[in-house]
Amino acid sequence: MNELLFMLYDYKQRKLYLRYADHSATSLETIDSFIDRCCLSNGSSMRGRIAGSRHHLGMISKPPVIVNRECCLFPLFGRMNPNNIWFNYQLLEKTVKLDEHLTKVIFKNQLSLIINVNIRIIRQQVSRCHQLLGILNHFNYN
């Protein structure tokens, strides 16, 4: 899970596509069931992680999900959006605006992905992850 770069669900084929740092994989799970299983292996459910994110950030839509110390996932769109894609915040290097609604996402291993989304959406989600991890790190060290 720690090397997961991003994932998306293909509703037509009913498959979850997972891109890791060194390979790709598919699963018959939904995104929610995959994330929930990963969260449960770290001691809490996806629902509990979302509740914690909302508690700390005071937000309702598109909360990040901290799976473990090395994996904070965030969605670009709402969970019910069929075009949704989830990214691992910790493995993002940078984003580059190519056009008004076209963004290049570059990962720390230099793999990249071009997606049809305004860069502001990604930057807002990255900011939420950064803020949430900062809050939790403050509690862990104080």
Side-chain angles (χ1 to χ4, degrees), residues 1-11 13-141:
M1 182 69 185
N2 296 344
E3 294 292 312
L4 178 68
L5 301 176
F6 67 90
M7 65 181 149
L8 58 95
Y9 189 78
D10 184 331
Y11 283 89
Q13 294 188 13
R14 296 178 188 223
K15 284 186 181 177
L16 177 61
Y17 289 91
L18 304 147
R19 179 61 178 139
Y20 292 88
D22 59 354
H23 71 282
S24 297
T26 60
S27 172
L28 296 176
E29 290 180 278
T30 64
I31 286 178
D32 282 6
S33 65
F34 177 81
I35 295 173
D36 191 49
R37 183 172 50 81
C38 294
C39 289
L40 287 169
S41 71
N42 286 284
S44 180
S45 68
M46 180 179 177
R47 176 180 265 165
R49 304 287 171 121
I50 288 173
S53 292
R54 287 182 171 149
H55 170 77
H56 289 296
L57 297 176
M59 53 176 276
I60 295 174
S61 68
K62 303 184 292 184
V65 176
I66 297 178
V67 175
N68 58 39
R69 288 189 178 271
E70 293 83 33
C71 186
C72 179
L73 300 173
F74 68 88
L76 287 187
F77 308 108
R79 287 175 45 212
M80 302 316 259
N81 186 317
N83 298 316
N84 204 5
I85 183 167
W86 287 72
F87 288 99
N88 183 348
Y89 165 78
Q90 274 94 339
L91 297 181
L92 287 180
E93 181 71 29
K94 67 179 178 177
T95 55
V96 178
K97 180 179 178 178
L98 301 176
D99 198 354
E100 185 63 28
H101 295 284
L102 201 61
T103 302
K104 184 175 187 176
V105 177
I106 303 169
F107 299 94
K108 290 185 177 180
N109 67 353
Q110 298 309 304
L111 286 176
S112 64
L113 175 69
I114 296 175
I115 54 175
N116 189 17
V117 67
N118 189 295
I119 196 167
R120 287 179 292 149
I121 292 172
I122 299 172
R123 287 184 177 162
Q124 178 185 43
Q125 290 298 89
V126 165
S127 175
R128 287 175 175 170
C129 291
H130 182 76
Q131 181 182 5
L132 179 60
L133 290 171
I135 290 167
L136 295 178
N137 283 336
H138 176 75
F139 286 131
N140 286 338
Y141 295 118

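All values derive from a computational prediction rather than experimental measurement. In this chain, numbering begins with 1 at the start of the sequence shown.
When side chains are defined from C-beta on, L133 counts as touching I66, because their heavy atoms get closer than 4.5 Å. Side-chain contact between V65 and W86 is present, with heavy atoms from C-beta onward closer than 4.5 Å. At a threshold of 4.5 Å between non-hydrogen side-chain atoms, the residues L92 and F107 count as touching. Y9 places none of its side-chain heavy atoms less than 4.5 Å from the side chain of E29. Using a 4.5 Å heavy-atom threshold, the side chains of L4 and L73 count as touching. Residues I119 and I121 form no side-chain contact, since every pair of their non-hydrogen atoms from C-beta on lies 4.5 Å or further apart. Residues S44 and C39 are not in side-chain contact: their nearest non-hydrogen atoms beyond the backbone lie 4.5 Å or more apart. In this structure, L98 and T103 have side chains that are not in contact, with every pair of non-hydrogen atoms separated by 4.5 Å or more.
I106 and S112 make their closest contact through CG1-CB, 4.1 Å (heavy atoms, listed as atom of the first residue, atom of the second, distance). Closest heavy-atom contact between A21 and N109: O-ND2, 3.0 Å. Scanning both residues, Y11 and P82, for their nearest heavy atoms gives CE1-CA, 3.4 Å. Of all heavy-atom pairs spanning D36 and M46, the tightest one is OD1-N, 2.8 Å. Scanning all heavy atoms of the two residues, the minimum distance from S45 to G48 falls at OG-N, 3.0 Å.
Within 6.0 Å of the CZ atom in R47, the count of heavy atoms belonging to other residues, nucleotides or ligands does not exceed 12.
Using modelled atom types, one side-chain atom of S53 and one backbone atom of P64 make a donor-acceptor pair closer than 3.5 Å. At distances below 3.5 Å, not a single donor-acceptor pair connects side-chain atoms of N88 with backbone N or O atoms of E3. Side chain of D99 to main chain of L102: no donor-acceptor pair is present (N/O by atom type, distance under 3.5 Å, no hydrogens or angles). Listed for the S127 side chain is no donor-acceptor partner under 3.5 Å among the backbone atoms of R123. With hydrogens and angles ignored, the 3.5 Å screen pairs a side-chain donor or acceptor of K108 with a backbone N or O of Q90.
For the atom pair CZ of F87 and CZ of F6, the computed distance is 6.5 Å after rounding to the nearest 0.5 Å. Of the inter-residue distances, the one linking L16 atom CG with T30 atom OG1 reads 7.5 Å to the nearest 0.5 angstrom. Rounded to the nearest 0.5 angstrom, S27 OG and L18 CG are separated by 6.5 Å. In this structure, K104 NZ and I114 CD1 are separated by 5.5 Å, a value rounded to the nearest 0.5 Å. The CD1 atom of I85 sits 9.5 Å away from atom CE of M7, with the distance rounded to the nearest 0.5 Å. Here the CG atom belonging to L5 is positioned 10.0 Å from the NE2 atom belonging to H23, to the nearest 0.5 angstrom.
Between the side chains of Q13 and Y17, at least one donor N or O lies within less than 3.5 Å of an accepting N or O. No hydrogens or angles considered: a donor-acceptor pair under 3.5 Å links the side chains of Q125 and R128.
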request  = Output, in order, the C-alpha distance, side-chain angles, deciding distance and verdict of side-chain contact (heavy atoms from CB on, under 4.5 Å) for K62 and L76.
outcome  = CA-CA 7 Å; K62 303 184 292 184; L76 287 187; over 6 Å; no
request  = Before giving the answer on side-chain contact (heavy atoms from CB on, under 4.5 Å), spell out for V105 and K94 the whole-Å C-alpha distance, their side-chain angles and the decisive distance to 0.1 Å.
outcome  = CA-CA 6 Å; V105 177; K94 67 179 178 177; over 6 Å; no
task = Begin with the C-alpha distance, continue with both residues' side-chain angles, and end with the deciding distance and a verdict on side-chain contact (heavy atoms from CB on, under 4.5 Å) for H101 and V117.
result = CA-CA 5 Å; H101 295 284; V117 67; over 6 Å; no
